[in-house]
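Taking it in order: structure first as structure tokens, then the write-up.
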Amino acid sequence: MPASIASTASPRNWLCQLSAVAALSLTLLWPPFAQAQFGPSTDSISAVVTTPQVRAELVAHAPEGVTPGKALWLGLKIEHQPNWHTYWKNPGDSGLPTTLTWSLPEGVIAGDISWPTPKRLPIGPLMNYGYKDTLLLPVAVTVPANFTGDSLDIELRADWLVCKDVCIPESGNFVLKLPARAATTAHSNLFAATQRAQPVVLAQATATASVSSATGAGVDSSLVLRVQGLPAQWQGKALVFYPEIPGLINNAAKVAGTWTGDTWTANVLLDPQRGEAPQQIPAVFAAEGVAAGAQVMVQVTTPWPEPMAAGAQAALPEPGTGANSYGSSTSVNTSAGGLSLGLALLFALAGGALLNLMPCVFPVLSLKVLGFATHANDRKKLLAGGLAYTAGVVASFVGLAALLLALRAGGEQLGWGFQLQSPAVVAVLAALFTLIGLNLVGVFEFGSVLPSSLAAARARNPLVDSALTGVLAVAVASPCTAPFMGASLGMAVTLPAPQALLVFATLGLGMALPYLAISAWPALARALPRPGAWMAHFKTVMAFPMFATVVWLVWVLGQQAGIDGVAALLGLLLALAFAAWALGSPTLGPKARGGFGTAAVLLLAAALFWGTPTLRTEAIAASAPGSTANAGVHGDWQPWSTERVAQAQAEGRPVFVDFTAAWCVTCQFNKRSTLLDADVVADFAARNVLLLRADWTRRDPLITAELARFGRNGVPVYLVYTPGSTQPRMLSEILTVDEVRGALASAPA
Amino acid sequence: MKQFVSSVAIAAALALSAGAALAAATVGQPAPDFKVMDTAGKTVSLADFKGKHVVLEWVNPGCPFVVKHYGSSNMQGTQAEATGKGVVWLAVSSTAPDQGEYKKPADLAAWMKSQNAAATATLMDDNGTVGKAYGARTTPHMYIVNPSGTLVYAGAIDSIRSANPADIAKATNYVKQALAETLAGKPVTTASTQPYGCAVKYSKGG
């Protein structure tokens, strides 16, 4: 019997003023008996909603029935009354796109609307994008392999805004039952015609856009579009550019494009109130008198000017907040935007000087500097030593940066901190720090370990010795530069090579500056505490920061190479410590040294033989991003992937992405203080935020590429994707609870 | 029409420069000044409110999106909260007299009163000069000017682009958020959004 389903086509109570809408009459018929009556009809019963403005109908096209793997299309057919229109996915200056919400049996999945090529619909000085007359919004449907039903029950809730001079939001509920084993082709002509109006994805077409800044008051910024590979028959015709991102361009402005051979170029005025700064603009290009446009992804090749006052941007990456060494991130960011290289250099200088206070550098340098006091009177010698040290530091930084730039130019996906992405480098650093620590506590003296010829060479060439101290200082500083300054130095790497090297050289100069100053002005050296018995204690105390650094490096290595790697490293360090004592202890006699020494060398060789294979494995997290320890620490966090982000956005779910690395101290600090904060965790849960972690502890080209997309080359980076915005918001590197909650609050709950 | 001289000059400049009839005020730049009459016939100028925060709200009682926010008292609540903090709230009608939805000053004033609106004044921008100077495209379309006359927000009333009043509770009210930030002396984090609603009914003559 006719099972009539109540249907609502919108008139909400506040619309009662519109008598026309009040008179709205709805028809919705679902007589399943009709099928029995007319046999397997090619025309499935369709649901129709009629308003004074439109006649809307749920239609299907299933030439092979409802069969897994076969084409099945559903669609909403909208017949507009004259002069009424509904909207494209980007409605233009006003309006709303039509939305379809499907209820389908388990496993049957409806895709997104395949929007036909829209038309420009001027309204006064404004411009809309949409459709008049008869429109079909088709949706491809996937039928699961295990589908066995006799029919497919389809329910649809559609919301559309229909406008002429006035606008009326309308909605309708539709039901349709499709026979599974009979063809449904009643609307094949409409589906075919719509197919012909579908924007075509042209594989050979390329489009780029550069942003041309406003040249003065009253002149807005514009996009200079350059499109190649469009259909040959379009050449010479006027084209329309339909960006899929709303609110980006001045929709109503005339676009004067020109054809040069097969290349179309045009100047498109931007909307000065735009809130987006996309790297890519999905767009449809359409030619006059041609039904189907072309779907082309426009690559934006230049940075976007900040459309608003500082701090006001919604979607642009925010410059890092400045505190000590992070200052360089702010400055490098602005210099990348073409502002002040001078400021970047100034921050690099200050950041370098601060490096001297880092736990990895301070013990070594403080002892070296205190040593000055003993010969504070030999000015020339001191100054020469200081200069040699400075040269060593600067050369090491420049060398390291040049190596990084060269590797990147060679196609390697690396960023600053790349040194620590290799377990072998981490192991070598751990060994170095262990040795320095043991030396400081007095387990051995370097003099007894070094071959006598080398010791003599050191004494003869104090300048070389000073320069090598500089190299050592950079080496011991590297576990600190990467974790504390990774993000800012990472940005420096993305500058043109000469500028990047200049920033690194200045950083080195800054680091060498205190040492140089003391060597240049002996008065400073004389002001230092006099050497005495306290120095022995000071030296011993300084050993502990060294060992603390080792603990941290072992943890980093554990993230990269697992428990086997940690055991191998600890075994190696143990053998090394034994060897250092056996060969270098000043208290051992020659006989004992010979015996212990031989044993120690053998032990060390054995440890190297056993441990090296584990440590040499290049840690590249390519195949198993989920296996990284960092990603699995907290159950709510999932490994990052672009697909996961896209999927969550499609579902309208907010996303938080944490780009992190085990060796990045700032990342670990933020993770523990902010991301695990009770309020933040509660907010994440309340807003159903998808938490994704991109772990860069090991080399990962995908993550490096994603960081580059946001102008970064180091971690931490925090992104918040809110529903309805295609561009994420970038939070600052020193993440605060307020900032995270504020960013989340701007998303709909 | 003397009071319109400056705004007419702006409009003329716009028409000459852009060809398109709409230019737009830019966030971070000085907000365009204007002089128009309110529904009571009093001349109102933006410059009158130097030193205060000013909210501009484009309104058209015939638009379902305006009705969404008035019928639910969302707009009036936002108005009352803002004016309670010393903010000046100007509702602007740029609907042209040749449009079916046009309301005469007294009728518009009566409608605002019937809605218990808490706007400081309702401005009659019949020839659309203010709307075009600000690039107002939809009703509602919201703007915030700070005490030094800089535009600090332009865009939607809230984050869910729909005509459904049930969405208001779930949406972020961008105007409340931006006002709270700018009143606290902080930069506005979400300063530009895509407005949604009916098109502003400028004159059919263009």
Side-chain angles (χ1 to χ4, degrees), chain A residues 10 12-15 17-18 91-97 99 123-126 128 159 161 163 165-169 171 214 217-220 246-248 250-254 269 271-276 306-315 722-724 729 742-743 745-749, chain B residues 13-14 17-29 62-65 67-68 70-71 96 99-101 128 132 135 137-138 150 152 154-155 158-165 167 170-172 174 177 186-204 206:
Chain A
S10 80
R12 300 206 169 94
N13 56 359
W14 38 266
L15 265 178
Q17 50 179 312
L18 295 167
D93 284 329
S94 61
L96 281 182
T99 57
I123 171 160
L126 303 172
N128 288 137
D159 291 84
L161 179 71
C163 297
D165 293 334
V166 296
C167 288
I168 303 169
S171 61
V219 184
D220 294 331
L248 190 65
N250 181 333
N251 297 301
K254 281 207 173 62
L269 282 178
D271 181 351
Q273 293 169 5
R274 68 185 177 278
E276 305 273 343
E306 295 198 10
M308 318 134 213
Q313 66 270 56
T722 52
R729 182 164 152 202
S746 67
Chain B
L14 289 175
S17 68
L22 265 193
T26 306
V27 172
Q29 300 289 319
C63 167
F65 293 86
V67 176
K68 166 190 176 188
Y70 274 93
Q99 292 279 0
E101 292 173 351
K132 288 172 187 174
R137 290 176 299 202
T138 60
T150 303
V152 294
D158 66 16
S159 61
I160 301 186
R161 304 162 56 77
S162 82
N164 185 354
D167 289 331
K170 293 179 277 177
T172 301
Y174 289 136
Q177 182 178 296
K186 289 189 224 161
V188 175
T189 47
T190 306
S192 275
T193 59
Q194 162 83 346
Y196 69 91
C198 312
V200 172
K201 300 299 173 338
Y202 293 110
S203 172
K204 286 176 179 168

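The analysis underlying the following values was restricted to heavy atoms, covering all of them including side chains, and did not include hydrogens, waters or symmetry mates.
- Minimum interatomic distance between A:G92 and B:Q194 (heavy atoms only, all atoms of both residues): O-NE2, 3.4 Å.
- The minimum heavy-atom distance linking B:Q177 with A:A745 is given by the pair OE1-O, 4.2 Å.
- Within the model, atoms CZ of B:R161 and CG of A:L161 stand 11.0 Å from one another, a figure rounded to the nearest 0.5 Å.
- Residue A:P97 does not touch chain B at all, counting heavy-atom pairs closer than 4.5 Å.
- Here the shortest heavy-atom pairing between A:S94 and B:T138 reads CB-CG2, 3.5 Å.
- In terms of heavy-atom proximity, B:A163 sits nearest to A:L96 at N-CD1, 4.0 Å.
- Heavy atoms of B:C198 lying under 4.5 Å from chain A belong to its backbone as well as its side chain.
- Here the closest non-hydrogen pair linking A:L126 and B:R137 is CD1-O, 3.2 Å.
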